[in-house]
**Student:** 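Input: one structure, supplied below.
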Amino acid sequence: MPEMVTLTIDGTEVKVPKGTTILEAAKQVGKVIPHYCYHPGMSSPAMCRMCLVDVEGAPKPQASCVTTVMENQVVDTESSASVANRRGVLEFYLVNHPLDCPICDMSGECDLQDFVHAEGRDHGRSVEPKRVFGRDDFGGDVLFYGDRCVMCTRCVRFMSEVEQDERLTVVERGNRSVIDTFFEKGLDGTEWHGNIVDICPVGALVSKEFLHKTRAWDLDHTPSICASCSQGCNIELHTAENLVQRVKPRENLEVNAWWMCDYGRHDYEWINHGQRIEAPLVRDATGSSRTTGWKDALTSLLEGASGLNGTSVQIVVSARGSNEDLAALTKLQDVMGGGDKVFRVSQADEESALPGFPTLARRKDLGPNVGGAELLGISRVGESDGTGGLEAVKDHDGIIIVLGDNLEDQDETFGANAGLYVYLGTHECAATKAAHLVLPVTTFAEQEGTFTNHEGRIQRFWPALQPPGMARPAWLILGAVLAELSEGVAPRSAAEAFMNLAEAVPALRGLTYEGMGLSGSVSETAQHASLD
Amino acid sequence: MSDIPFSNPGWAGNTGEFDLTEKEVRGDDFVGDRPKDGGHPSGAGTMPYMLVDKDPDAPLFEGEYRQRFEKILTRYPDKRAALLPVLSLAQELRGHVSAESMDEVAGLLELSPAYVRGVTTFYTMYNKRAVGRYLVQVCTNISCNLCGADEVLQAFLRYTDAEMGETSKDGNFTVIEAECLAACGFPTCVQINSRYYENVTPADVAQIIEHLKPEGES
């Protein structure tokens, strides 16, 4: 237990561990002291001069981002001197700022805009012409608008302290100083540079991919989990018009702190991929297929299965399926007679860790729920590029159920010998030609659920998009079938589906959606593993 | 007087001989053609005055310069700290600190090129572009300005036939304005390479330029 210090901030008493800065302590009482250069994940140069506050007894205003708390300290962030200071500093920031908010990507989520709106002068007094830098391509996904910059140097410090590849620097001095790269050697080749766009408090660093795509205030933010590797970075999906527009990291000090890799950040177009399967397809004996409703589809599934009692059930799942989906399928498989369970996942050549936060890395397994699949006893097959490994399943003559795997490497003969071949997925392909039933399911962005990351942490994600047509979460579809077969009760929510799972898997016993909250829980097996 | 076994030609304080002529103090070749031996290693990062003839393609660093480079490194706890004198050494050798020089220095000191660029551009005494044989820095700050620095500056530009900040056609002169040269008692102060010319008036300019031009040139 660290030593605690009691102090008063704006009349509210607060108790914080010794060594906390005034700025962090103020957050505890719900007070955000305006700041630019301070970021909790990096060193504080105290150079933006925005966070100066009055401390009783101190001869002059103190930079709250570097001043640590003291016993019985009395801090006033709203004193006339503090407010006058911020007003003055903001006026200086606007001397050379182009005020091009109408065409700026950051508009609507910009700290300069917010703070000036809250406390700045309504008119600047500068009459001199503004200094003009123009814009510069920093390489990678980053575009730099020099005139909007407030010289907080967060980006420079991120590259030197966190990514530890010092590609950015402050060039020149005084009024002419500007962020720049080493001439033409920009950010190309670095794997975490997208974060400097996130931490830029203004619109100086913007993403080329997101440039002029949509306005910040038109975006809905949904907490989610990155589905690009088994690290399980906490993210927000920013959506508009039922499309994911961009991905931003969400703070979780246990997993990814404030950061995420560029690979995950830009790997979202597959979620928006059109031409989805929108209704269940049933193929009759003649080979022609027709779309149908869910009731018909599930009825024909049950009919197909009833004639095949006792045959083995082979399942192929995707590492992008949620724990609930995978659990529903494995349980259904057990009820139907049991058989092999496999999944395939692409692998990167190697992990690439973030040097300044080494527990965060782009992991080798490029699927978010490899942990969940393995926990449920599903075994990994195939090559490291996510192909092959299905030779045994391909010609199986019993029941085949495929969930989520897009089978891109398979041809039309896949499942042709099967007594019943059910494909639950998002897109049709050659390998679905022989399927008796093609059922539309939702992606992780369209449903609620959980993923298990590489260290056994179970983390929730929330639906960000409307599913296309009649697509439903796999746990709902499979749960209904299972209830029919075992005369049980189908889960009505993802939380219920998870509870069923938690009861069945000893390692997850006791975990609930409520308990996981936004930052997830570590499963018992993982805890034991880390204790050993 | 003093038995200190060294004589600094630019410093007369120890001997009390304040009435030495400039020639007696500095010799004939105070901005002239010293052999490119790199100077004595103990000079480390500083030289009494810069060599006039630069070689932009000179290697970083070889021979005597390598010795000086090694000597500089011994003076600092880590390589990063040696950046400023090493950049000075590179400039002394090459005349200016080009992008290539920054990259090479970064390699020598195990720093990132971007960091070296940031440091180089922060300091005005590093020339980021090639300059002439003689870099003429005319102080136009308050004291000098009150005593006619603007006229001196114009005179230099006229006599060298150079644009402000640009190198003259013959490659001999680059004339720039300088902020205070810390010689406010002797306005107008002009620094040419590493030598100060004090109390300069427009009338002196022609003579200074003539003196600088190497023999055989008009």
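To find a chain, count down the sequence lines: A is the first, B the second, and so on, and within it residues start at 1.
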**Student:** Take atom CG in B/L146; do more than 12 heavy atoms of anything else shown fall under 6.0 Å from it?
**Tutor:** yes
**Student:** Tell me, do B/F122 and A/E172 make a side-chain contact under 4.5 Å, heavy atoms counted?
**Tutor:** no
**Student:** Heavy atoms, side chains only, cut-off 4.5 Å: are A/K185 and B/P113 in contact?
**Tutor:** yes
**Student:** I'd like to know whether OH of A/Y263 has more than 12 heavy-atom contacts from other residues, nucleotides or ligands below 6.0 angstrom.
**Tutor:** yes
**Student:** Any chance CG of A/D349 has more than 12 other-residue heavy atoms, nucleotides or ligands included, within less than 6.0 Å?
**Tutor:** no
**Student:** For the residue pair A/T169 and B/G118, what are the closest heavy atoms and their distance?
**Tutor:** OG1-CA, 3.4 Å
**Student:** Could you walk me through whether B/R80 and A/E166 pass salt bridge (charged side-chain N to carboxylate O under 4.0 Å, His left out), step by step?
**Tutor:** CA-CA 13 Å; B/R80 175 177 285 237; A/E166 218 168 336; 3.5 Å; yes
**Student:** Sort B/T120 into side chain, backbone, both or neither according to what part of it lies under 4.5 angstrom from a heavy atom of chain A.
**Tutor:** neither
**Student:** For B/E163, look at atom CD and say whether over 12 heavy atoms of other residues, nucleotides or ligands are found less than 6.0 Å away.
**Tutor:** no
**Student:** Can you confirm whether more than 12 heavy atoms, excluding those of A/F183, are under 6.0 Å from its CZ atom?
**Tutor:** yes
**Student:** Quick one: closest heavy-atom pair of B/A99 and A/F182, and the distance?
**Tutor:** O-CZ, 3.3 Å
**Student:** Taking side chain as everything from C-beta outward and backbone as N, CA, C, O, which of these in A/V170 sits under 4.5 Å from a heavy atom of chain B? Side chain, backbone, both or neither.
**Tutor:** backbone
**Student:** Do other residues, nucleotides or ligands put more than 12 heavy atoms under 6.0 Å from A/D100 CG?
**Tutor:** yes
**Student:** For A/R173 and B/T121, indicate whether the former's side chain and the latter's backbone hold a donor-acceptor pair under 3.5 Å.
**Tutor:** no
